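A, B, ... follow the sequence lines: proteins, then strands. Residue 1 opens every chain. The shown structure was predicted, so the numbers you read here are calculated from the model rather than taken from an experiment.
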Amino acid sequence: MAKKRKHETGGNVLKIGNKTISLEGYLTKKPKKESENPPPPPTESPTPVEETSAENQKLLKRNDETPRKTRKPPVGGDPQLLKIRQALPIWGYQEKIRGILEEKDVLLLVGETGSGKSTQVPQFLFQEKWCQKRKVKVKQPGMGKEEEVNVGGMIAITQPRRVAATTLAHRVSKEAGTPLTGQSSDGKSKGGSPPKGLVGYSVRFDHRVPQGTRIKFLTEGMLLQELLRDPHLRQYSAIVVDEIHERSVDVDLLSGFLKQIITGDKAGRGGIPLKVVIMSATANIEKIRKFFSVEGEEQAQTAPSGPKASSESSVEFLQIEGRQFPVEISHTPKPVPDIQEELLKTIFRLHTEEPLQDKHGKNDILAFLTGQEEIEGAQRLIEEYAGTLASNVPKIKVFPLFGQLSIEAQHDAFQPAKAPFTRKIVLATNIAETSVTVPGVRYVVDCGKSKVKQYRARLGMESLLAKPISKSSAVQRAGRAGREGPGKCFRLYTEETYDTLQQTDPPEILRTDVLGAILTMKARGIEDVLAFPLMDPPEVESVEKALIHLHMLGALDNHGNITETGRKMVLFPVTAPYARVILAAADLRYSCLLEAIDIIACITAGDDIFLQLRSEEAREEVEEARKELWRREGDLLTYLTAMQRYAAENADRAAWCRARKMNTRNMRQALNIRKQLRGLALRHGLLAEAPPADPQPFAPAPPDRAELVLKCFLRGFALKTAMLMPDSSYVTAVGKHVVAVHPASVLHGQKKEAIMFLEHVYTQKNYAKKVSAVQAEWVAQAFEGGL
DNA sequence: TTTAGAGGT
């Protein structure tokens, strides 16, 4: 297996064993980062209304051949909601925004929390002349033939999270007064029939795109998927990229594709430009502005021929004020030796000195800590100490808040403390920084750290460690105190420490394995991935590692071009190694596709489907029930058993989960993913016929079948294997690192001749997770088989 | 003996 090593041979060629990958022309460099925000809350009401208000008319001072008042009003709308809309900070900017986009292709809009940009901007734009659907002639690629196609008509608004996409769509459809009911599939809405809805959304497992949809909210990943089918985004007149400051891998890739569309040859869109609105919650936008501006650097390489968009598509910038109460920030005078002690002192000083409520409402406390362990420790101490308080001091109710908590427990943290004369204290991870808003908070305590995942390409492993937060993160945390009234923020670190913090967090693309990003590019026709425009290009070494890995998986050929296997892999919404396992499982040599899908569905459903049990009692309580799921082959076969038994359960699946302390949310999600993967396998010919519907009687996989399943997973994960050493440690086959089997694994504390693990994380130790027992011989075979 | 947070036709 050592033969599969990389050798640099000359400039642009990589050799792996006897194979050669061309890296022709893979070279570019680029510039820096950002912070974030949530949408306004929904309200109630129905009835029709004119969009063009009197206020609106006043702003019509611009040079305009077609007077604004002739613009067709929206289908309907709600007068009460209109009043609320008119009070939003962004409302007064609508003519300005329209004016800019009439002339320019790119607008960078910075609006702080509560400015209303996510809901209003698409409504300002959809009736613009440039936003109408047009029939144009385009040349078919390859052939000289022209075909007539529709271009434009819709506005897409991307969101990093599903919940944001769906709630914004509901809100905007209510404001517009049109229903959000259609179940029609994407973009198939034919003209002719009367419009049935103005607003739609598209997220995984949930699509509502009524006929006549003009405004479509979708997740970033969903638009990337659409790009696979429609590289010119012909359905759209404009793309609004919201929350770009969160800098997910998906939004970075999307930005690259949008940049290529706006700076490149527009022949694929029949010469019709695509308008792009980039929205960010932070004022630190120089990098984004530079990235999207055409004049900037080398725009030359992208389009090989055809007319080039030039001066007319420069980036316009607009800043909208937000709605935020002032927050008084204080730092500690000296570095604190013990964070937990300082946290307790701060909380109890606040609690005893500050009023329980005022004219703005509740005065609750939100503390940011790094993780579950720290939160639970602090909770114990606070509750203990609270018990000793005098009776004239208000009571305390502590709510932990972290991602692994059940939905119900998370929900509790959002409710006001029920008992009278009681203050709510929420101890949260950075889940409360962006993903959720806790109402009632007026005091924030910030420990100044958070756990950060970092991928190390050289080791092929990731780490999860507590690191100092960035300035923008600190500002964001403080801002959580000023949502409902003037607030206070107590930072448990000095001002000098604050000054040393990084301005922004490194974007995800620099902290994660770029394997998926590279495959995404390759599948969308990017030959030279190093020349693909990215705001923060990953290190060349990480890209090379990913290319080699993709080559090993069979997704790329010797020239670095995507293979038929690679094209099939991207059809499945799982990471490349899992996609490779799915393809292998469909192969006649293995024929265990349904089993592989069951396992992959469990693994990709979220965090572990088995809830972690802290106490010895809890463990004993469910041990018997869980035992029937355990397989000595390891975690993968255990997941398979869990899924098979869960799917076989006919009575009450939630109760079945509760009895085994399993995550019901994730099991439901796993079943969704299983259904989706089965459907895709069927559609793409990996399955001959639809599997029988649930519930099916449970039958445990016999050992020979289990062996097939594990060999099949080795096709995707041969790199993640380790051998047992005489001293009982495991050493990885590639790289020779010592790994320990994670305590959550069923193989923890056991000795097997070799293990395969799907995850490799450094926390307290170098841990192997999702572990299975394999034979050394299978590992060798997997390497020899070229995977 | 252990666990930041998002996300996909």
Q: In this structure, how many angstroms lie between the C1' atom of B:dA6 and the CD atom of A:Q159, rounded?
A: 13 Å
Q: Identify whether any heavy atom of A:S450 sits under 4.0 Å from a base atom; if not, whether one sits that close to sugar-phosphate; answer base, sugar-phosphate or nothing.
A: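 Nothing, no heavy atom under 4.0 Å.
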Q: Nearest whole Å is fine: how far is B:dA6 P from A:N430 CG?
A: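 A:N430 atom CG is separated from B:dA6 atom P by 9 Å.
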Q: Any base atoms under 4.0 Å from A:V570, or only sugar-phosphate, or nothing? Heavy atoms, all strands.
A: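 Base: the residue A:V570, judged by heavy atoms under 4.0 Å, touches a nucleobase.
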Q: Under the 3.5 Å rule, do the base of B:dG5 and the side chain of A:K453 count as making a donor-acceptor pair?
A: yes
Q: On DNA chain B, nearest-nucleotide positions of A:R162 versus A:Q764: which is more 5'?
A: A:Q764
Q: Starting at CD1 of A:I609 and ending at C1' of B:dT3, how long is that distance when rounded to a whole Å?
A: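 In whole Å, B:dT3 C1' lies 16 Å from A:I609 CD1.
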Q: Taking 4.0 Å as the cut-off, does a side-chain nitrogen or oxygen of A:Q676 come that near to OP1 or OP2 on B:dT9?
A: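 The answer is yes; a side-chain N or O of A:Q676 sits under 4.0 Å from OP1 or OP2.
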Q: Within 45° of the six-membered ring axis of A:Y498 and under 6.0 Å from that ring's centre, is NZ or CZ of A:R491 located there?
A: yes
Q: Once you apply a heavy-atom cut-off of 4.0 Å, does A:I431 come out as touching a base, just sugar-phosphate, or nothing?
A: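 Counting heavy atoms under 4.0 Å across all strands, the contact made by A:I431 is with sugar-phosphate only.
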Q: Considering every strand and a 4.0 Å limit on heavy-atom distances, what is the contact class for A:L571: base, sugar-phosphate, or nothing?
A: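 Base contact.
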Q: Parallel, tilted or perpendicular: which one describes the rings of A:H760 and A:H737, with boundaries at 30° and 60°?
A: tilted
Q: Check whether any side-chain N or O of A:T429 sits under 4.0 Å from OP1 or OP2 of B:dG5, and answer yes or no.
A: yes
Q: Answer with base, sugar-phosphate or nothing: what part of the nucleic acid does A:F572 contact at a heavy-atom distance below 4.0 Å?
A: base
Q: Rounded to the Å, how far apart are A:L401 CG and B:dA4 C1'?
A: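 That distance rounds to 12 Å.
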Q: Has A:K661 got more than 12 heavy atoms of other residues, nucleotides or ligands less than 6.0 Å from its NZ?
A: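 No - once you tally the heavy atoms of other residues, nucleotides and ligands closer than 6.0 Å, there are 12 at most.
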Q: Please determine whether a side-chain nitrogen of the Lys or Arg among A:K449 and A:E374 lies less than 4.0 Å from a carboxylate oxygen of the Asp or Glu.
A: no
Q: Atom CG of A:L405 and atom P of B:dT3: how far apart are they, to the nearest Å?
A: 16 Å
Q: Please give, in whole Å, the distance from B:dA6 P to A:M222 CE?
A: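 Roughly 18 Å, once rounded to whole Å.
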Q: Check the angle between the aromatic planes of A:F572 and A:H684 and answer parallel, tilted or perpendicular using the 30° and 60° thresholds.
A: perpendicular
Q: Quick check for you: among B:dG7, B:dT3, B:dA4, whose closest atom lies nearest to any side-chain atom of A:K451?
A: B:dA4
Q: What is the distance, to the nearest angstrom, from the CG atom on A:D505 to the P atom on B:dA6?
A: 15 Å
Q: Nearest whole Å is fine: how far is B:dG8 C1' from A:Y578 OH?
A: 15 Å
Q: NA contact type, A:V249, heavy-atom cut-off 4.0 Å: base, sugar-phosphate, or nothing?
A: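 No contact.
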Q: Need to verify one output field. Residue with the more 5' nearest nucleotide on DNA chain B, A:A744 or A:G403?
A: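 Whichever sits nearer the 5' end wins; that is A:A744.
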